[in-house]
Amino acid sequence: MIKLRDICRNFQVGDETVHALDQVTLDIAAGDYISVMGPSGSGKSTLLNMLGLLDMPNSGSYLFENKELTKLSEEKRARFRREKIGFIFQSFHLVPRLTAAGNLELPLMLTGMLPAKRRVLVQEALASVGLEDRAHHLPKQLSGGQQQRVAIARAMIMKPPLLLADEPTGNLDTHSGDEIIKTLEVLNQTGITLIVVTHDLELGQRAGRTIQMVDGKVVHDES
Amino acid sequence: MRILDTLNFSQTTLRAYPARTALILLAMAIGVASVIILTSLGEGARNYVTGQFRSLGTHLLFILPGRSETTGGLPPLLGTSPRDLTIDDAIALKQSPAIRHVAPLLLGNAPVSHASREREVTVLGSSNEMQVIMTLEVIMGKFLPAENPRIGSPVCVLGDKLYHELFGNRNPIGEWVRIGSYRYRVIGVLGDKERAFGFDNSDAVIIPVASAQTMFNKTSLFRILVKASSADALDRAKEDVLRIIRQRHEGEDDVTVIRQDALIGTFDEILKILTWVVAGIAAISLIVAGILIMNVMLVSVSQRRAEIGLLKALGASTREVLQLFLSEALILSLAGGVIGLGIGFVGAQALQVWLPDFPVQVPLWSIIAALLVTLITGLAFGLIPARQAARLDPVIALAGK
Ligand SMILES: Nc1ncnc2c1ncn2[C@@H]1O[C@H](COP(=O)(O)OP(=O)(O)OP(=O)(O)O)[C@@H](O)[C@H]1O
Ligand SMILES: [Mg+2]
């Protein structure tokens, strides 16, 4: 599904150049469950942002379903994110003034879908994470685990083939974290490609494939 | 994204910060309301002044001694005024069939006294025909007699205010008053709404022009007022005036003839410009409101960085983020504008109650202009924050850096 070739991403900090990604080459097959581990600053988030087209490499090539993505216009990249990528963040990133349902509607609104159709999909998505009775709750009225489940439902509402989660359990207690990981694994079992960045060794080892990064390089990749 | 969804999304932010939203709406509303109220005052002033001129009567010509190059402008204030404009000139004008009425006019100031009361007032020397030309209303007695203007009988007509000050509410007809060092018999009193040339006839006294000449020791008239026989005859009347005066003044064109309608046009023009200027000054408050919008939106953008990053992660393009933030600015400015229109209309109504004689009127163009300026203000000042939001790097925004 994905072929990364010699991806480099540099940041200029003062006089120094930080190599956040240093000639990363990676193949990802559809349906993979991959965990990305490594010390802080090793480039895990940068890799995930690159895969989600939130960031662009300085050099290298990114093929997604045999299509080169590094040359896409800004508008096309936005469309790609909308249709192909679901993002899960450590801090959930729910819009605080919108209800759970309102947050779930956002991606659908961006496609120009009519409200009646949106409501049906939102209700389905909330039910799939067990929060159908929380549709009208604001994020602050939900627990951390519930907020992250809303975020997962939002990431999945467009039915993207690729789910990118950057430390999804980082802000949660062990129990809620477990639940979140299980929710993500269930999604993976339905055929969705899942890439999870984590610091938790135990969680990392549940994945079918583990990638170790150090200083922007993939140093270990085992299935 | 559908327009309705865009507006609805913007609306949720505005509702999330009610104090901030109310502040901007207030600023915008005050700006628009001041444009509406000030322009309606300006428009009212214009209607009032032109109305005053019209109430003078119609198809009038004013003849001034001295020559002015541009008709409709002011007569030469300095320089030589070559030849006097005399009573005989005025009488001669009656030869023209295009001219129906002629009244000489001479102005001066003098103390007027009766018994122990004395006032310094304007003295108008004129003739019987002044009443028709200026459509003066006489509420007691009668106006100046229709006699030869060269004869100055010792009679006078009092303005309403002067009458009350000298006589209270007593009947003044047949009483004697002293004007300067001469004695005059009161034969009439003017109504209380008589104004002309921007001054108040109610604080004046009218005497025969020949008497005024003697009193002020002047031979030249201040004006000759001419009423043409019809509106169509105005042009011919003007030509005749110039021709007759030229003949009498040995071939010199040494008078200025102003058509009343040209004068109205000039005042109309001046007051229109004044209204625009006032509107422009009021519009500055709209710019202040615009700057407020910009500031508040800039703060809002920096507070909502994570949200902007999220929208981009969810697939919003730069253009869509721009539209979201612009629509917020537009909602604010337009809502403020509509509230301001409401306040403006109420304010104009209140002014009308307070100034019943003054025709306060909200001009249509000022409504359109105010709304247009609001729209432009919202767009212009919303653009900078919206662009800042749209250009935000989603990675940095999401990381909360
Ligand atoms: N916008 C940026 N400007 C400058 N340097 C950056 C920027 N983003 C990332 N970096 C640098 O790139 C390197 C990789 O960062 P990245 O966030 O990918 O690390 P990470 O593996 O996700 O770390 P953590 O486990 O702490 O989240 C770091 O050295 C970081 O300082
Ligand atoms: Mg990271």
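Reckoned from all heavy atoms, side chains included, excluding hydrogens, waters and symmetry mates. Computed from a prediction, not measured in an experiment: that's the story for all the values here. Chain letters run A, B, ... following the sequence lines, proteins first and then strands; every chain starts at 1.
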Open item on the list: Can you list everything that forms a side chain to side chain donor-acceptor pair (under 3.5 Å) with A:Ser176? Sequence neighbours excluded, please.
Closed with: A:Asp173
- [ ] Kindly write out the residues that satisfy side chain to side chain donor-acceptor pair (under 3.5 Å) with A:Thr70, not counting sequence neighbours, or none if the list is empty.
- [x] A:Glu68
TODO: Against chain B, label A:Met113 side chain, backbone, both or neither, depending on which of its atoms sit under 4.5 Å from a heavy atom there.
DONE: backbone
- [ ] Select one option (side chain, backbone, both, neither) describing which atoms of A:Leu94 are under 4.5 Å from chain B's heavy atoms.
- [x] neither
TODO: Check B:Ile308 against B:Ala389 and note the closest heavy-atom contact, atom names and distance.
DONE: CG2-O, 3.4 Å
Task: Which atom of A:Leu184 lies closest to which atom of A:Leu163, heavy atoms considered - done: CD2-CD2, 3.7 Å
Open item on the list: Tell me which pairs pass ring pair (Phe, Tyr, Trp, His ring centres under 6.0 Å) where either residue lies in residues 285-341 of chain B, with sequence neighbours left out.
Closed with: none
Between chain A and chain B: donor-acceptor pairs at under 3.5 Å:
from: A:Glu74; atom 1: OE1; to: B:Thr318; atom 2: N; distance (Å): 3.3
from: A:Glu74; atom 1: OE1; to: B:Thr318; atom 2: OG1; distance (Å): 3.2
from: A:Glu74; atom 1: OE2; to: B:Thr318; atom 2: N; distance (Å): 3.1
from: A:Glu74; atom 1: OE2; to: B:Thr318; atom 2: OG1; distance (Å): 2.7
from: A:Glu75; atom 1: OE2; to: B:Arg319; atom 2: NE; distance (Å): 3.4
from: A:Glu75; atom 1: OE2; to: B:Arg319; atom 2: NH2; distance (Å): 2.8
from: A:Arg81; atom 1: NE; to: B:Lys312; atom 2: O; distance (Å): 2.6
from: A:Arg81; atom 1: NH2; to: B:Lys312; atom 2: O; distance (Å): 3.3
from: A:His93; atom 1: NE2; to: B:Leu398; atom 2: O; distance (Å): 3.0
from: A:Arg97; atom 1: NE; to: B:Thr12; atom 2: OG1; distance (Å): 3.1
from: A:Arg97; atom 1: NH1; to: B:Glu307; atom 2: OE1; distance (Å): 2.8
from: A:Arg97; atom 1: NH2; to: B:Glu307; atom 2: OE2; distance (Å): 2.9
from: A:Arg118; atom 1: NH1; to: B:Asp5; atom 2: OD1; distance (Å): 3.4
from: A:Arg118; atom 1: NH1; to: B:Asp5; atom 2: OD2; distance (Å): 2.7
from: A:Arg118; atom 1: NH2; to: B:Asp5; atom 2: OD1; distance (Å): 3.0

Open item on the list: Quick check for you: among A:Leu108, A:Leu53, A:Leu106, which has the greatest number of heavy-atom pairs under 4.5 Å with chain B?
Closed with: A:Leu106
Task: Side chain A:Tyr62, main chain A:Leu51, donor-acceptor under 3.5 Å - done: yes
Open item on the list: Using 30° and 60° as the class boundaries, would you call the ring planes of A:Phe87 and A:Phe89 parallel, tilted or perpendicular?
Closed with: parallel
